[in-house]
Structures are given as structure tokens and as C-alpha cells.
Amino acid sequence: MKKYYLITLLILTITFIHAQISSPVVLGYFPSWSENWASTNQNSKLREIPPFVNFVFLSFAKPNLTYTKGSFNLAGTGIQVPYDGCTLKESVSALKKKGIHVILSIGGETYWGTSEAYNINYSQIKDFVDDMGFAGIDWDYEPNGSFATIGNPENVQHFIDF
């Protein structure tokens with residue numbers, strides 16, 4: 001029965017979003033490590049996402065990211081863009097002006113592999129989201145890099161904790 005809670009939540013979320021958006025919902029993940037940057041024209045793959053995309057999940061932040069509000073220091077976040085936090089904030093703002101919501105994706109395949117990953121400081125995540133102007137967060141929970149044990153009691157408890 002618990003497997004269906006996540007699916008139901010996803011369906012309700014998509015239904016809610018669709019009710020607020022009159023055009024089709026187009027979303028995708030943007031791997032931060034693939035970003036390029038040409039400082040002369042503030043050109044980047046991230047900023048050039050076409051305007052028909054509604055939502056971009058910027059991947060991946062560490063679940064146990066460290067961030068100090070107002071610092072714009074990306075060093076402890078896991079985000080791997082080749083520029084600083086002020087430039088990332090500008091990129092998020094540029095996308096927002098195009099009508100694209102940028103969501104911070106947390107975790108992914110590689111960041112859940114240690115017990116330290118579960119030392120999550122929700123306040124620091126909130127500060128990072130607020131400073132960068134992200135529309136929200138996405139828990140990309142892939143324990144041990146796969147979904148093979150997603151339903152075991154320990155992983156179900158992690159979902160509850162999130």
C-alpha cells in the first residue's frame with residue numbers, strides 16, 4: 001500500500017500544476033556538470049533552454065549539502081556548474097523571465113551512497129533554494145545507485161523522513 005502513496009502524490013502534483021498551466025507541461029533534468037559558460041555573452045547551455053520547457057530540474061545537489069545563507073558559495077552543495085553562485089542565481093532568474101521554473105534536484109544516483117548523506121540540514125537546503133531563486137526541490141532518491149531496495153523498511157523510513 002505504501003508504494004502507492006508516492007505515485008498518488010506525483011499524480012496529484014501534476015494535476016495541480018496542470019490546473020495552473022494552460023499549455024502542456026514539459027520538464028527535464030539538466031545535469032549541472034554539463035554546463036558551459038562563455039563570460040562574454042553570458043551564454044550557457046542552461047540559459048539556452050528553449051521557452052517551451054516549463055520546468056527544469058537542476059541536478060544534483062548533495063542531500064547533506066552545506067550552504068551559508070547569503071554566501072552564494074556552491075562549494076559544499078554538489079552543484080557542479082563552472083561558475084559561482086551569483087551567476088547561477090542570474091541564470092535561474094533569466095530562465096524564470098522566460099517562464100521556466102528551475103527546481104533543485106537533490107540526490108541522484110551517486111549522492112546517496114554513504115550514511116553521511118542522510119545528515120540532512122533542511123534549513124541549509126531552504127537557504128540555498130531561497131538565495132538561488134529555485135521554485136522548489138525534487139528528492140531524487142536512488143538508494144545505493146538503484147531502485148532494487150527502494151521498498152525495504154529503511155528506505156521507506158527515509159521517504160517518510162524527507
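Side chains are part of it too, since the values below use all heavy atoms of this structure and drop only hydrogens, waters and symmetry mates.
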Worksheet item: Heavy-atom distance under 4.5 Å between the side chains of Ile160 and Gln157, does that happen here?
Response: yes
Item to complete: Might you point out which heavy atoms bring Glu35 and Lys45 nearest each other, and give the distance in Å?
Response: OE1-N, 3.0 Å
Worksheet item: What heavy-atom pair brings Glu90 and Arg47 nearest, and what distance separates the two atoms?
Response: CB-NH2, 3.1 Å
Item to complete: Locate the shortest heavy-atom distance separating Ser44 from Asn36; write the atom from each residue and the value.
Response: CB-O, 3.3 Å
Worksheet item: Within a strict 4.5 Å, meaning less than it, do heavy atoms of the His158 and Trp112 side chains meet?
Response: no
Fill in: Closest approach of Val92 to Gly133 (non-hydrogen atoms, all atoms of both residues)
CG1-O, 3.5 Å
Item to complete: Nearest 0.5 Å please: distance from the CZ atom of Phe30 over to the OG atom of Ser59.
Response: 8.5 Å
Discussion item. Are Leu104 and Ile79 packed together at the side-chain level, in the sense that at least one heavy-atom pair is separated by less than 4.5 angstrom?
Written reply: yes
Worksheet item: Is any side-chain heavy atom of Leu27 closer than 4.5 Å to a side-chain heavy atom of Val56?
Response: no
Discussion item. In the structure I gave you, are the side-chain heavy atoms of Pro24 and Phe52 within less than 4.5 Å of one another anywhere?
Written reply: no
Worksheet entry | Tyr141 and Asn155: side chain donor to acceptor below 3.5 Å | yes
Worksheet item: For Ile150 and Phe159, what are the C-alpha separation, side-chain angles and deciding distance, and is it a side chain to side chain contact (heavy atoms under 4.5 Å, CB included)?
Response: CA-CA 10 Å; Ile150 199 78; Phe159 272 120; 3.8 Å; yes
Practice prompt. Output yes when Asp131 and Lys89 qualify as a salt bridge under the 4.0 Å nitrogen-oxygen rule, no when they do not.
Written response: no
Worksheet item: If you round to the nearest 0.5 Å, how far is CZ of Phe128 from CG of Leu65?
Response: 6.5 Å
Practice prompt. Kindly indicate whether the side chain of Leu95, heavy atoms from C-beta on, has any atom under 4.5 Å from the side chain of Ile49.
Written response: yes
Worksheet item: Would you say Lys126 has more than 12 foreign heavy atoms packed within less than 6.0 Å of its NZ?
Response: no
Discussion item. Within the structure provided, determine whether Asp84 and Phe72 are in side-chain contact (heavy-atom separation under 4.5 Å).
Written reply: no
Item to complete: Could you point out which residue of Phe162, Phe60, Phe57 forms a ring-ring contact (aromatic ring centres under 6.0 Å, His included) with Trp139?
Response: Phe162
Response to the item:
Separation between CZ (Phe134) and NZ (Lys96), nearest 0.5 Å, reads 10.0 Å
Practice prompt. Show your reasoning for whether side chain to side chain contact (heavy atoms under 4.5 Å, CB included) applies to Leu74 and Leu88.
Written response: CA-CA 9 Å; Leu74 302 177; Leu88 178 58; 4.0 Å; yes
Worksheet item: Taking the side chain as C-beta and beyond, is there a heavy-atom pair between Tyr67 and Met132 under 4.5 Å?
Response: yes
Discussion item. Could you tell me if Ser32 and Gln80 have a donor-acceptor pair between their side chains, going purely by distance under 3.5 Å?
Written reply: no
Fill in: Interatomic spacing from NE2 in His101 to CZ in Phe55 - rounded to 0.5 Å
4.5 Å
Worksheet item: What are the two closest non-hydrogen atoms of Pro63 and Ile125, and how far apart are they?
Response: O-CD1, 3.8 Å
Item to complete: Calculate, to the nearest 0.5 Å, the distance between atoms CG and OG1 belonging to Leu46 and Thr87 respectively.
Response: 11.5 Å
Worksheet entry | Polar contact flag, side-chain donor to acceptor under 3.5 angstrom, Tyr111-Glu142 | no
Practice prompt. Ignoring hydrogens and angles, state whether a donor on the side chain of Asp161 or Tyr118 is under 3.5 Å from an acceptor on the partner side chain.
Written response: no
Worksheet entry | Minimum heavy-atom distance Asn119-Asn64, with the two atoms named | O-CB, 3.4 Å
Worksheet entry | From CA spacing to verdict: side chain to side chain contact (heavy atoms under 4.5 Å, CB included), Thr68, Asp127 | CA-CA 7 Å; Thr68 302; Asp127 291 343; over 6 Å; no
Response to the item:
Interatomic distance, NZ@Lys62 vs CD@Glu116, rounded to 0.5 Å, equals 11.0 Å
Practice prompt. Would you check, one step at a time, whether the test side chain to side chain contact (heavy atoms under 4.5 Å, CB included) holds for Asp140 with Ile106?
Written response: CA-CA 6 Å; Asp140 191 319; Ile106 299 173; over 6 Å; no
